[in-house]
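In what follows, chains are A, B, ... by sequence order, proteins preceding strands, each numbered from 1.
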There are 2 protein chains.
Amino acid sequence: MSPTPDFRLDDFIPYLLSVAANAVSDAVAAAYRISHDLSTPEWRLIAVLAEDGGLTPQAIGRRTRMDKVTVSRASVSLLERGFVRRAPNPVDQRSHILSLSASGLSVYHEVAPLALRVQEQILEGFSPQEIESLSRLLVRAEAAATVSDESRKATR
Amino acid sequence: MSPTPDFRLDDFIPYLLSVAANAVSDAVAAAYRISHDLSTPEWRLIAVLAEDGGLTPQAIGRRTRMDKVTVSRASVSLLERGFVRRAPNPVDQRSHILSLSASGLSVYHEVAPLALRVQEQILEGFSPQEIESLSRLLVRAEAAATVSDESRKATR
DNA sequence: CCTATTTAGTTTCATTTGAAACCAGTTTGA
DNA sequence: TCAAACTGGTTTCAAATGAAACTAAATAGG
């Protein structure tokens, strides 16, 4: 009997996930970049502020799974371009509240349909049930991998 | 009517994919790293050589979806550690054939079960059909995203 | 209170990544 | 047959990423 009876790279979920995520990400990131020169973190930040209103950097990080360094840099860049404003956080002076400016909101309204269109294009051959199923499986996989990994390093 | 009726970050497949892939990748990469200080590209290279035998860097790149720069670096690192050997490529002097050494093969036999175990741990709550379904959906998404994106840049 | 510890966010630094330039060998076609 | 164009692989450079150090404010415990 072989010592590793059943390892096949092509069936290895972490590999398939990584390859699929990269391909999809490249395609969709091109849309943000071309339309408003936004990076993925910048786009996530805009999207989450549009959905949830003003948030602290910390809350943004929790919500979008982004590192605090990534959030910090994305917000600086959006601040400089006037897409985002910051207001003091009354309950904590170390922090602040980020929110979309009018131009930030209009960027959101321009880019969101674009992002959806790229997604649709990629998922063209997928039935609604398949899309639903993919979403749920991804969320579960993420949750499972996160708990399995959080032993290794402190909570973000 | 709202200008962007249905964009929700939490339902955006590229976002879910990216987050899930990162979480899973972090967990599984820790296994390679701890056991033999292998990076993900290095592990992919070992795995594919174990499965397919000697290959040129180009073939490895096609097979594993890795950039030629990434393949080059991974092979240098594995060469230095004696896990991989290179032989001249009789049909093309610019190229060469990479293959696993005995110690490279034994690394494979050690790490493969480990990788499988991490995968199992993550997919613990998944039924076989769910795993199968996830695999197929990921492969299809990757394929769709790749064609949708290849217009933008030349073939690798 | 007031010091010690913790926490939010930024900055700095090292690592990873891939695009572009590069080198050497191969193919094309005049 | 030999120059031009092309291709496989490496090197160099710039951008992205995140860990660790840092700063300033908040909280805990005496």
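The aromatic rings of A:Trp43 and B:Phe7 stand perpendicular to each other, their planes meeting at an angle above 60°, with 30° marking the opposite boundary.
The 5' end of DNA chain D is approached more closely, in terms of each residue's nearest nucleotide, by A:Pro41 than by the other of A:Pro41 and A:Gln93. Ranked by how close their nearest DNA chain C nucleotide is to the 5' end, A:Gln58 and B:Val91 are led by A:Gln58. The 5' end of DNA chain C is approached more closely, in terms of each residue's nearest nucleotide, by A:Arg73 than by the other of A:Asn22 and A:Arg73.
Between B:Arg44 and B:Thr40, some side-chain heavy-atom pair lies under the 4.5 Å cut-off.
Judged by distance alone with a 3.5 Å cut-off, a donor-acceptor contact links the side chain of B:Arg94 to the base of D:dT7. Contact annotation: side chain of A:Arg86 to base of C:dG9, donor-acceptor pair absent below 3.5 Å. One N or O donor and one acceptor, one from the side chain of B:Lys68 and one from the base of D:dG9, sit under 3.5 Å apart.
With rounding to whole Å, A:His96 atom NE2 is found 14 Å from D:dA24 atom C1'. Taking atom CG of A:Asn89 as the reference point, atom P of C:dT10 lies 12 Å away to the nearest angstrom. Computed from coordinates, the B:Asp92 CG to D:dT10 P distance equals 12 Å when rounded to whole Å.
Residue-level contact check: A:Ser39 touches neither bases nor backbone, having no heavy atom under 4.0 Å from any strand.
OP1 or OP2 of D:dG9 lies within a sub-4.0 Å distance of a side-chain N or O belonging to B:Ser95.
Between the side chain of B:Ser35 and the backbone N or O of B:Val111 there is no donor-acceptor pair closer than 3.5 Å. Looking only at distances, a side-chain donor or acceptor of B:Thr146 sits under 3.5 Å from a matching main-chain atom of B:Glu142.
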